[in-house]
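Notes to accompany the following structure.
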Amino acid sequence: QVQLVESGGGLVQAGVSLKLSCTASGGTFSRYPMGWFRQAPGKEREFVAAISWSGGSTYHNPSVRGRFTISRANAKNTVYLQMNSLKPEDTAVYYCAAKEGSLGGTYYYTGVSQYDYWGQGTQLTVSS
């Protein structure tokens with residue numbers, strides 16, 4: 001069983017940078033494609049960014065492209081989300097997710113239903 005623990009959220013002002021971390025235990029992290037999602041109050045969970053298990057391929061939601069960057073350190077069983085130029089509309093609970101199985105080291109996944117394991121989430125609040 002894979003367990004995911006997010007950290008790094010908080011209350012920040014618009015325009016600042018913040019880095020989220022998600023550390024995995026159990027399973028073989030280096031073989032899991034990973035993703036970041038977020039959910040604002042009253043809204044559905046939304047895809048933010050994804051990365052292949054090799055780290056060689058990434059994809060970001062156009063709404064965060066150029067501001068957010070996903071990366072991973074397989075030796076540390078950790079995936080990161082670097083967030084720059086934060087906006088109030090980025091306020092949400094941020095979740096990391098892991099997917100068992102992949103078509104290959106360059107594949108990433110963007111659908112909520114494609115992921116098998118989820119963290120408990122970390123709250124990010126961006127004030128204007």
Side-chain angles (χ1 to χ4, degrees):
Q1 185 74 9
V2 176
Q3 291 188 323
L4 303 173
V5 179
E6 302 97 336
S7 61
L11 172 61
V12 299
Q13 289 191 325
V16 305
S17 298
L18 201 65
K19 189 172 187 177
L20 303 183
S21 299
C22 170
T23 300
S25 60
T28 306
F29 177 80
S30 61
R31 291 302 185 186
Y32 294 150
M34 299 293 294
W36 283 99
F37 294 77
R38 65 186 181 186
Q39 189 164 18
K43 295 189 177 181
E44 293 189 352
R45 194 164 295 190
E46 173 189 40
F47 167 76
V48 176
I51 189 166
S52 62
W53 61 253
S54 70
S57 296
T58 62
Y59 182 76
H60 298 78
N61 187 311
S63 67
V64 306
R65 195 171 295 157
R67 298 190 300 122
F68 291 10
T69 303
I70 189 172
S71 62
R72 67 189 297 160
N74 285 344
K76 296 182 178 180
N77 286 359
T78 300
V79 63
Y80 304 98
L81 186 67
Q82 176 67 46
M83 304 181 293
N84 300 329
S85 302
L86 283 165
K87 303 176 181 180
E89 50 263 44
D90 295 320
T91 294
V93 177
Y94 282 73
Y95 299 91
C96 71
K99 173 178 170 52
E100 281 208 51
S102 175
L103 294 176
T106 60
Y107 283 79
Y108 52 78
Y109 300 85
T110 62
V112 171
S113 62
Q114 294 179 297
Y115 286 86
D116 301 290
Y117 304 104
W118 293 83
Q120 82 290 347
T122 185
Q123 175 71 48
L124 171 66
T125 303
V126 183
S127 63
S128 57

[X] to [Y] - nearest heavy-atom pair and separation:
{"X": "Glu6", "Y": "Cys96", "result": "OE2-N, 2.9 Å"}
{"X": "Thr91", "Y": "Ala40", "result": "O-CB, 3.8 Å"}
{"X": "Gly27", "Y": "Val2", "result": "CA-CG2, 4.0 Å"}
{"X": "Pro88", "Y": "Ala14", "result": "CD-CB, 4.1 Å"}
{"X": "Gln120", "Y": "Val5", "result": "OE1-CA, 3.8 Å"}
{"X": "Ser30", "Y": "Arg72", "result": "CA-NH2, 4.2 Å"}

I'd like to know if the side chain of [X] reaches the main chain of [Y], judged simply by a donor and an acceptor atom lying under 3.5 Å from each other, with no hydrogens or angles considered.
{"X": "Ser52", "Y": "Thr106", "answer": "no"}
{"X": "Asn74", "Y": "Trp53", "answer": "yes"}
{"X": "Asn77", "Y": "Ser25", "answer": "no"}
{"X": "His60", "Y": "Ile70", "answer": "yes"}
{"X": "Ser127", "Y": "Val12", "answer": "yes"}

Would Arg38 and Leu124 count as a side-chain contact (heavy atoms from CB on, under 4.5 Å) here? Give the steps. CA-CA 9 Å; Arg38 65 186 181 186; Leu124 171 66; over 6 Å; no

Write out all pairs satisfying ring pair (Phe, Tyr, Trp, His ring centres under 6.0 Å) with one or both partners inside residues 97-120, taking only residues at least two apart or from two chains.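 Non-adjacent pairs meeting ring pair (Phe, Tyr, Trp, His ring centres under 6.0 Å): Phe37-Tyr115, Phe37-Trp118, Tyr59-Tyr108.
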
Under the ring-ring contact (aromatic ring centres under 6.0 Å, His included) rule, collect the residues that match up with Phe29, sequence neighbours excluded.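 By the ring-ring contact (aromatic ring centres under 6.0 Å, His included) rule, Phe29 matches no residue at all.
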
Does Glu89, at its CD atom, have more than 12 non-hydrogen atoms belonging to other residues, nucleotides or ligands within less than 6.0 Å?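 Result for CD/Glu89: enclosed.
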
Would you call Gln114 and Pro33 a side-chain contact if the rule is heavy atoms closer than 4.5 Å?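 No. Closest side-chain heavy atoms not under 4.5 Å.
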
Taking the side chain as every heavy atom from C-beta outward, state whether Leu20 and Tyr95 have any atom pair closer than 4.5 Å.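 No, too far: nothing below the 4.5 Å cut-off.
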
Rounded to the nearest 0.5 Å, what's the gap from [atom1] on [X] to [atom2] on [Y]? Could you check?
{"X": "Arg67", "Y": "Gln82", "atom1": "CZ", "atom2": "CD", "value": "12.0 Å"}
{"X": "Asn84", "Y": "Thr69", "atom1": "CG", "atom2": "OG1", "value": "6.5 Å"}
{"X": "Lys87", "Y": "Ser85", "atom1": "NZ", "atom2": "OG", "value": "8.0 Å"}

Do the side chains of [X] and [Y] join up, straight or via other hydrophobic residues, at under 4.5 Å, putting them in one cluster?
{"X": "Ile51", "Y": "Phe47", "value": "no"}
{"X": "Val64", "Y": "Leu81", "value": "yes"}
{"X": "Met34", "Y": "Phe68", "value": "yes"}

Hey, mind stepping through Cys22 and Trp36 against side-chain contact (heavy atoms from CB on, under 4.5 Å) and telling me if it holds? CA-CA 9 Å; Cys22 170; Trp36 283 99; 3.7 Å; yes

Apply side-chain contact (heavy atoms from CB on, under 4.5 Å) to residues Met83 and Asp90 and explain how you reach the verdict. CA-CA 10 Å; Met83 304 181 293; Asp90 295 320; over 6 Å; no

